[in-house]
Colleague: 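Please see the structure below; I have some questions.
Heavy-atom basis, side chains included; hydrogens, waters and symmetry copies ignored.
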Amino acid sequence: MMVWLLLLAQAAPSTMPVQGAPPIGPQARSVAPDTDRAIVVVGRRLEETRSALDACLARKCPPMDDMRATLAHADNQFVKGDIAGSRETLMKSIGRNRRFAKTYPIAVAGLFRANGRIAAHLGEGDSYRMSTLDGYSALKAGLPDTDPHVLSGSLELADMFARLGQTDTALSRYRSVVKTAHQSGNLVVEGFARFRIVLLLDAQDRETGLYGTALKTAIGDLASTTEPALQPFRDALQSVTALRAARKGDMSGVDGVVAKYRSLGLRTPLLVYAPTLDMIDAPVSTSANLRSSARDVDGQWVDFSYWIKPDGTVGDIDIVRESPRLQRWWVGPVQKMLGGRRYAALALPATDPGLLRVERFSRTAFWVTGSDSRMPVRAAQSRLESLDLTEPDAKPTTLAEPKS
C-alpha cells in the first residue's frame, strides 16, 4: 500500500527535508494549463544546463556552485529521459565534491540522495543502498547526531532498508531514531519514526501474517503518547484502520480521513490513500506480469499529468511524456491506479479545476547475482518507482552555506 501521509510532513521543521520527497525535481520548470486545459511544460533547455555546468567547471567554480549546477543539469536530464546520463552527471560531481562533506554536509548529502533515487529508477539496488549510506555519513561528518538533518538522514536509511526488504534492519533503525529524537526533544522526528514503524509493520503483517503482535504494540505505543506535538501522528493512526477497510472494499473510512482534514484549509496536495495493483480492476495477466516479469525493463518510464480536484479525487489523467521504448501494456493499470488515489480535500471552491500535477512512473527491476553464474541479472520481480515532478519539495536539495 503506497501511503504518504504528507500531513505529518507539514509539521516538520523547515530544516528537516520531508521524507519521501524526491531529491531532484523542477527548479526553473513549471507545468501549467492553457485555456483549453492542454498541458504546457516549461523549463530550461538541456543545452542550457549543460553549458552552465561546463562553464562552472571551466572556471573552477566553488564547490557550492558546482553542486547547484550539477543538480540543475541532472534534474533536466532526468526529466528529458536521459536517466543514465543524469546519474553519470551526479557521480562525476560526487567524485569532485565528496571531500567537502565536513564543510558542506547538507549539500554533499544532497548529491548522494539524488544519486540514490536515480539509481533506484535504474534498478541499481546496491548503488541506491550505498548512496543512502554515504549521504548519511556526509551529514554526520559536519553535523551533530541530534541535528534534524542527521535524524532525517537516519530515517532515510530506515526507509531504504524497508524498500530493499530488510525489515528487521529498518525497524531497528526507526527505533533508534525514536530514542535519539526523544532524548534531544525533537518530537516531530520522533513522530515520523513512530508512524513509519506502524506503516512498515502493517505492510509486513498483511504480507506474512507474522507481525500482528508487534503492530498492535507499535500502535499502542504511539497512541499512548501525550505530547501535543505528537497529536498529528496519533490522529494519523485512524488512516491505518481506514486503509485496512479499504482493502476489503469499504471506502467509508478513507472518506472520513479525507473530510477530516478539510478544516485545515490545505492548498497543497496531501495524499491520503492510493490503491495497489492488486486492488484495481486490471486484467489478471497484466497485473501479474507487471509484478513478476522483469524482462525488457530498460527505458520503461512515462509521465502522467493529472488534476487533484477540490474534493480530493483525481481526474483528467493524460500522458505528457514517455520513453521512446515504452511498452504500453503496463501503462493502463498504472493510470487506473493513479485515478484511484484520494487526497485530502482542498480549500478551493467546488467549481475550481483543482491542482495540476505531473508524475513519473518507471518500471524497473533490481540487478541481482544470477543463481547459476556470478553475472548480474535482473531480479525476477519487477517494481514501480515514482517521482512527483511538480511537488514543491521536489527541487534541487537546499545547499547550506559552510558552518561558521
Colleague: Could you tell me whether a side-chain N or O of S323 sits under 3.5 Å from a main-chain N or O of G299, the two making a donor and an acceptor?
Modeller: yes
Colleague: Listed by chain and number, what are the salt bridge (Lys or Arg N to Asp or Glu O under 4.0 Å) partners of R96, not counting sequence neighbours?
Modeller: D66
Colleague: Among all residues two or more places apart in sequence or in another chain, which pass the salt bridge (Lys or Arg N to Asp or Glu O under 4.0 Å) test with R175?
Modeller: none
Colleague: Has R173 got its NZ or CZ under 6.0 Å from the middle of the six-membered ring of Y136, at an angle within 45 degrees of the ring axis?
Modeller: yes
Colleague: For T146 and S184, which I'm curious about, is there any donor-acceptor pair between the side chains at under 3.5 Å?
Modeller: no
Colleague: Does the side-chain contact (heavy atoms from CB on, under 4.5 Å) test come out yes or no for Q300 and T364, once each step is laid out?
Modeller: CA-CA 7 Å; Q300 294 302 297; T364 187; over 6 Å; no
Colleague: Salt bridge (Lys or Arg N to Asp or Glu O under 4.0 Å) with R194: which residues, sequence neighbours excluded?
Modeller: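 With sequence neighbours excluded, R194 shows a salt bridge (Lys or Arg N to Asp or Glu O under 4.0 Å) to E190, given in chain and number order.
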Colleague: Let's go through K309 and D316 carefully: what are the C-alpha distance in whole Å and the side-chain angles of both, what is the deciding distance for salt bridge (Lys or Arg N to Asp or Glu O under 4.0 Å) to 0.1 Å, and is it a yes or a no?
Modeller: CA-CA 10 Å; K309 299 178 182 179; D316 298 315; 5.3 Å; no
Colleague: The criterion is salt bridge (Lys or Arg N to Asp or Glu O under 4.0 Å); which residues satisfy it with R99, sequence neighbours excluded?
Modeller: none
Colleague: With sequence neighbours left out, write down each residue that passes side chain to side chain donor-acceptor pair (under 3.5 Å) with S137, or none if nothing qualifies.
Modeller: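 Not a single residue meets the side chain to side chain donor-acceptor pair (under 3.5 Å) criterion with S137.
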Colleague: Against Y128, only a single residue in R163, R117, E385 fulfils side chain to side chain donor-acceptor pair (under 3.5 Å); can you say which?
Modeller: R163
Colleague: I'd like to know if R341 pairs up with E359 as an ion pair, taking the criterion as any Lys NZ or Arg NE/NH1/NH2 lying under 4.0 Å from an Asp or Glu carboxylate oxygen.
Modeller: yes
Colleague: So does Y211 get a backbone contact from the side chain of D205, meaning a donor-acceptor N/O pair under 3.5 Å?
Modeller: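 Answer holds: yes.
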Colleague: Show me the donor-acceptor pairs within less than 3.5 Å that the side chains of residues 229-238 make with the rest of the protein, sequence neighbours left out.
Modeller:
from, atom 1, to, atom 2, distance (Å)
Q231, OE1, R234, NE, 3.3
Q231, OE1, R234, NH2, 2.7
Q231, NE2, D235, OD1, 2.8
R234, NH1, T225, O, 3.0
R234, NH1, T225, OG1, 2.8
R234, NH1, E227, O, 3.1
R234, NH2, E227, O, 3.0
Q238, OE1, K260, NZ, 3.3

Colleague: Does this structure show an ion pair linking D352 with R267, if we count only N-O contacts that are shorter than 4.0 Å?
Modeller: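 Salt bridge flag = no for R267 with D352.
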